[in-house]
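Notes follow once the structure below has been shown.
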Protein chains: 2
Amino acid sequence: MENQDIKKAGLKITLPRVKILTLLEKHGGHLSAEDVYKILLEEGEEIGLATVYRVLTQFESAGLVVRQNFESGQSVFEIDNGTHHDHLVCLKCGKVEEFLDATIEKRQEAIARQHGFSIKDHALVIYGYCNKPECSAE
Amino acid sequence: MENQDIKKAGLKITLPRVKILTLLEKHGGHLSAEDVYKILLEEGEEIGLATVYRVLTQFESAGLVVRQNFESGQSVFEIDNGTHHDHLVCLKCGKVEEFLDATIEKRQEAIARQHGFSIKDHALVIYGYCNKPECSAE
DNA sequence: GATGATAATGATAAATCTTCTCATTATCAT
DNA sequence: ATGATAATGAGAAGATTTATCATTATCATC
Ligand SMILES: [Zn+2]
Ligand SMILES: [Zn+2]
Ligand SMILES: [Zn+2]
Ligand SMILES: [Zn+2]
């Protein structure tokens, strides 16, 4: 029940917040603020773009969603299900796939240690062309 | 000699291009377009911000520089010396360190293959706090 | 259920980063 | 030196995101 998640985050349960969180949960994908705004408008919801940006940032701070900065220029958001993962992005169709590699995760810790960094976060994005016919032909 | 690099890229040798490439070479760091613009102005050069953006993009296409998209929001550029590397970024002071880990590079190839992606590029950025006293205290 | 303190919303303006436009200027092959 | 062509730079415009603020909604308390 997403309403409890919103309340736990110290935020009041409002229609925009419930709508945005529900959309992210049911969609499952990696959506930009503009995506969320447009989808909600298409579904007949009345919502302001500023609210979408504001709420997504609040959800990020509250740990409900994770922000990803792909090289597209705009941030995309996904539900934070607690398990970190990294991304593969198709440069042609924009498809996003997720992966988690224990070896890479471990090596990063070691590298940070070697450089005297206390690691806080990381972002690994592999760009390429997916195996769809219209994409694989480079 | 950077003039030859510019010529090889099919670009005319102009003052702005030489100034920008020289600056990136002597500075060595990871500079945003705005950084480059400000530094050149401080050095007394007459240059337009649009030119800096234009030239950096051309240099990127020509393989003279590499663009990095850290989560700061603005792209930063560095000379492409031919050897790929990834980055550690201090969230406090902005210090950037570079690393290259053969294990991670190899694993990425395998992951892309598993997912049917033909890998074109990747970006790995580790965010944390460096070991400077004013940064290490989280 | 009504009240009111407080927080949230949404329209709009503004900030930020980047690209586009176009008249002027510079480059370079001849 | 000349001229075709490319490059520059000032400013407008585009794209994404954040700030402002009057209006509205939430929710603890009555
Ligand atoms: Zn694809
Ligand atoms: Zn994801
Ligand atoms: Zn630091
Ligand atoms: Zn670097």
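Letters A, B, ... are given to chains in the order of the sequence lines, protein chains preceding strands, and every chain is numbered from 1. Computed from heavy atoms alone, side chains included, the values below leave out hydrogens, waters and symmetry copies.
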Legend entry - All ring-ring contact (aromatic ring centres under 6.0 Å, His included) counterparts of A:Phe70, not counting sequence neighbours: A:His87
Inset, instruction - Indicate whether OP1 or OP2 belonging to C:dT19 is found under 4.0 Å from a side-chain N or O atom of B:Tyr53. - result: no
Legend entry - Atom-pair distance (CZ on A:Phe70; C1' on D:dA15), nearest Å: 19 Å
Inset, instruction - Would you kindly give the CG-to-P distance between A:Leu31 and D:dT16, to the nearest whole Å? - result: 15 Å
Inset, instruction - May I ask you to list the residues sharing a hydrophobic cluster with B:Val66, side-chain cutoff 4.5 Å, ordered by chain and number? - result: none
Inset, instruction - List for me each residue that meets ring-ring contact (aromatic ring centres under 6.0 Å, His included) alongside B:His27, sequence neighbours excluded, and say none if there are none. - result: none
Legend entry - Qualifying salt bridge (Lys or Arg N to Asp or Glu O under 4.0 Å) pairs with a residue from residues 42-52 of chain A, counting only residues at least two apart or across chains: A:Lys19-A:Glu45, A:Lys26-A:Glu43
Legend entry - Spacing of B:Ile20 atom CD1 and B:Thr14 atom OG1 [to the nearest 0.5 Å]: 8.0 Å
Side-chain donor-acceptor distances from residues 95-104 of chain A under 3.5 Å, at least two apart:
residue: A:Lys95; atom: NZ; partner: A:Glu97; partner atom: OE2; Å: 3.4
residue: A:Glu97; atom: OE1; partner: B:His115; partner atom: ND1; Å: 2.7
residue: A:Glu98; atom: OE1; partner: A:His85; partner atom: NE2; Å: 3.4
residue: A:Glu98; atom: OE2; partner: A:His30; partner atom: NE2; Å: 2.9
residue: A:Glu98; atom: OE2; partner: A:His85; partner atom: NE2; Å: 3.0
residue: A:Asp101; atom: OD1; partner: B:Arg107; partner atom: NE; Å: 2.9
residue: A:Asp101; atom: OD1; partner: B:Arg107; partner atom: NH2; Å: 2.4
residue: A:Asp101; atom: OD2; partner: A:Thr103; partner atom: N; Å: 3.2
residue: A:Asp101; atom: OD2; partner: A:Ile104; partner atom: N; Å: 2.9
residue: A:Asp101; atom: OD2; partner: B:Arg107; partner atom: NE; Å: 3.3

Inset, instruction - Strictly below 4.0 Å, heavy-atom distances to any atom of DNA chain D: list the hits from residues 60-68 of chain B, or just say none. - result: none
Legend entry - Partners passing ring-ring contact (aromatic ring centres under 6.0 Å, His included) against A:Tyr53 (at least two apart in sequence or in another chain): none
Legend entry - Below 4.0 Å: OP1/OP2 of D:dT17 and any side-chain N or O of A:Thr57: no
Inset, instruction - For B:Ile13 and D:dT8, give me the distance from atom CD1 to atom C1', rounded to whole Å. - result: 16 Å
Just the atom pairs and distances: protein N or O near nucleotides 9-13 of chain C's N or O, under 3.5 Å.
residue: C:dT9; atom: OP1; partner: A:Thr14; partner atom: OG1; Å: 2.6
residue: C:dG10; atom: OP1; partner: A:Glu46; partner atom: O; Å: 3.2
residue: C:dG10; atom: OP2; partner: A:Gly48; partner atom: N; Å: 3.3
residue: C:dG10; atom: OP2; partner: A:Thr51; partner atom: OG1; Å: 3.0
residue: C:dG10; atom: N7; partner: A:Arg54; partner atom: NH2; Å: 2.7
residue: C:dG10; atom: O6; partner: A:Arg54; partner atom: NH2; Å: 2.9

Inset, instruction - Check the side chains of B:Ser75 and B:Asn69 for a donor-acceptor pair under 3.5 angstrom, ignoring hydrogens and angles. - result: yes
Inset, instruction - Using a heavy-atom cut-off of under 4.0 Å over every strand shown, decide if A:Ser75 touches base, sugar-phosphate, or nothing. - result: sugar-phosphate
Inset, instruction - Rounded off to whole Å, could you give me the CG-to-P distance for the A:Asn69 and D:dT17 pair? - result: 9 Å
Inset, instruction - Please collect all salt bridge (Lys or Arg N to Asp or Glu O under 4.0 Å) contacts where either partner lies in residues 50-60 of chain B, sequence neighbours excluded, each pair once. - result: B:Glu60-B:Arg67
Legend entry - Spacing between B:Leu56 atom CG and C:dT18 atom P, to the nearest angstrom: 10 Å
Inset, instruction - Send over the distance from B:Lys19 NZ to C:dT27 P, rounded to a whole Å. - result: 11 Å
Legend entry - Whole-Å distance separating the CD1 atom of A:Ile20 from the P atom of C:dA8: 13 Å
Inset, instruction - For the helix from C:dG1-D:dC30 to C:dT30-D:dA1, measure the angle between the helix axis at one end and the axis at the other, each built from five pairs, rounding to 10°. - result: 30°
Inset, instruction - With sequence neighbours excluded, tell me which residues meet side chain to side chain donor-acceptor pair (under 3.5 Å) with A:Thr22. - result: A:Glu2
Inset, instruction - Please list all pairs passing the salt bridge (Lys or Arg N to Asp or Glu O under 4.0 Å) test where one or both residues lie in residues 77-90 of chain B, with sequence neighbours left out. - result: none
